[in-house]
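Beneath this line is the structure, given in structure tokens, with notes to follow.
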Protein chains: 2
Amino acid sequence: MNIHDAMTLLKEKGYKTTGKRKEILDYFSHADGYRTAKDLIQFMEKSYEGISFDTIYRNLHLFCDMGILEATELKGEKHFRIACSHHHHHHFICSDCGKTKEINLCPMDELEGALPNYIIEDHKFEIYGVCPNCRNT
Amino acid sequence: MNIHDAMTLLKEKGYKTTGKRKEILDYFSHADGYRTAKDLIQFMEKSYEGISFDTIYRNLHLFCDMGILEATELKGEKHFRIACSHHHHHHFICSDCGKTKEINLCPMDELEGALPNYIIEDHKFEIYGVCPNCRNT
DNA sequence: TTTGTAAATAGGAATGATTCCGATTATGAA
DNA sequence: TTCATAATCGGAATCATTCCTATTTACAAA
């Protein structure tokens, strides 16, 4: 989802399109990987001195609830990235830079009927390591 | 790994075999699933009134480092269980009771050569939901 | 353009898990 | 039994995150 579509979606749902929200979406649309609340606030402070954590977290949660961002827990800290809405897939995540690479294999496809009587609500498949770029630095 | 082997391993590595450590291992060997530090301290307080979080966390980390326990992050809180050392596998984890069921399918087996030039350090595959027992309660 | 109101925000306090630290106690080798 | 070191306690500190209240802002309607 691009920034414009996201802002339109916000407006449709009755949320306001503030400059901070645009900037947050701009940040994540260029990030190409997972970022923390702290990463984000450090970026935002350049344009909005005095921005509060409340604003950061409130909007991160709003965007997650709307499906604009997606989150995962890494090293005891929540990390966020632009949601990949086009199709279901998983990620390799670089421990150095947070960048991700799509993995187009979902292990759930092969578990048809393997868990009878279980209610399956969610699953996580993530690969951790160092990407080629960070490897050569 | 059973309690006795774990205590022997502790001794071999120069750690002391205290009553609290035996009790912690006893707790996890009967838990059959993931438990938090708080779950553990609540259990320990029955036998050791006044036991501190320092002792809980210090030993949880020690046991993880030694491969006696393994940890995962669920709902923003670390969860621990007895390590499954016999063979590599993954888990279904019940959101209600924390109990796990082995999943003998590892998606990494099918990713041979799919990530050239990437250094793969770790991976996580977990399925979340409700187990048959909790479902009927 | 002005106004009214609900949403958004700042600033800071509160929370909850986890870690750290100095003083005390207990384990196990000699 | 003694002694050095590991283990523990109790509580303070830390860190991410959430909550609260007063103030500001976006934007719909006049």
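Per chain, numbering begins at 1; letters A, B, ... match sequence-line order.
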*Which residues in residues 45-65 of chain B have at least one heavy atom lying under 4.0 Å from any atom of DNA chain D?*
Gly50(B), Ile51(B), Ser52(B), Asp54(B), Thr55(B), Arg58(B), Asn59(B)
*State whether the side chain of Asp39(B) and the backbone N or O of Arg35(B) hold a donor-acceptor pair below 3.5 Å, judged by distance alone.*
no
*Is the phosphate of dT19(C), meaning OP1 or OP2, less than 4.0 Å from a side-chain N or O of Lys78(B)?*
yes
_Pair listing, side chain to side chain donor-acceptor pair (under 3.5 Å) test, anchored in residues 109-125 of chain B, at least two apart_ = Thr72(B)-Lys124(B), His88(B)-His123(B), His90(B)-His123(B)
_Looking at Ser95(A) and Gly129(A), would you say the former's side chain and the latter's main chain have a donor-acceptor pair under 3.5 Å?_
yes
*asked:* Just the rounded figure in Å: distance from C1' of dA16(D) to CG of Leu74(A).
replied: 14 Å
*Which whole-number value in Å describes the distance from Asp39(A) CG to dA16(D) C1'?*
13 Å
*Sugar-phosphate atoms are those with a prime plus P, OP1 and OP2; base atoms are the rest. Using that split, label each nucleotide of nucleotides 23-30 of chain C B, S or - for protein heavy atoms under 4.0 Å, 5' to 3'.*
----BS--
_Closest-nucleotide mapping onto DNA chain C: is Gly14(A) or His79(B) further toward the 5' terminus? I mean the 5' end._
Gly14(A)
_Between P on dA28(D) and CD on Glu12(A), what's the gap in Å once rounded to a whole number?_
13 Å
*asked:* I'd like to check the side chain to side chain contact (heavy atoms under 4.5 Å, CB included) partners of Ser47(B); sequence neighbours left out, ordered by chain and number.
replied: Glu23(B)
*If we ignore angles and hydrogens, is there a donor and acceptor under 3.5 Å between the side chains of Arg21(B) and Thr18(B)?*
no
*Whole-Å gap separating P (dA6(D)) and CE (Met7(B))*: 17 Å
_Distance in Å, Phe43(A) CZ paired with Ile24(A) CD1, rounded so as to fall on 0.5 Å steps_ = 10.0 Å
*Counting only non-hydrogen atoms, which of residues 22-29 of chain A are less than 4.0 Å from DNA chain D?*
none
*Please state whether the rings of His61(A) and Phe80(A) are parallel, tilted or perpendicular, taking 30° and 60° as the class boundaries.*
tilted
*Find the distance Lys13(A):NZ to dA26(D):P and express it as a whole number of Å.*
23 Å
*Run the numbers on Asp32(B) and Ile82(B) for side-chain contact (heavy atoms from CB on, under 4.5 Å), then give the verdict.*
CA-CA 8 Å; Asp32(B) 185 30; Ile82(B) 281 285; over 6 Å; no
_Between dG16(C) (C1') and Ile41(B) (CD1): distance, integer Å_ = 14 Å
*What pairs with Arg135(A) under salt bridge (Lys or Arg N to Asp or Glu O under 4.0 Å), at least two apart in sequence or on another chain?*
none
*Indicate whether OP1 or OP2 belonging to dC9(D) is found under 4.0 Å from a side-chain N or O atom of Lys20(B).*
yes
_Any donor-acceptor N/O pair, Ser29(B) side chain to Leu25(B) backbone, under 3.5 Å_ = yes
*Specify whether His87(B) and His89(B) have parallel, tilted or perpendicular ring planes, treating 30° as the upper limit for parallel and 60° as the lower limit for perpendicular.*
tilted
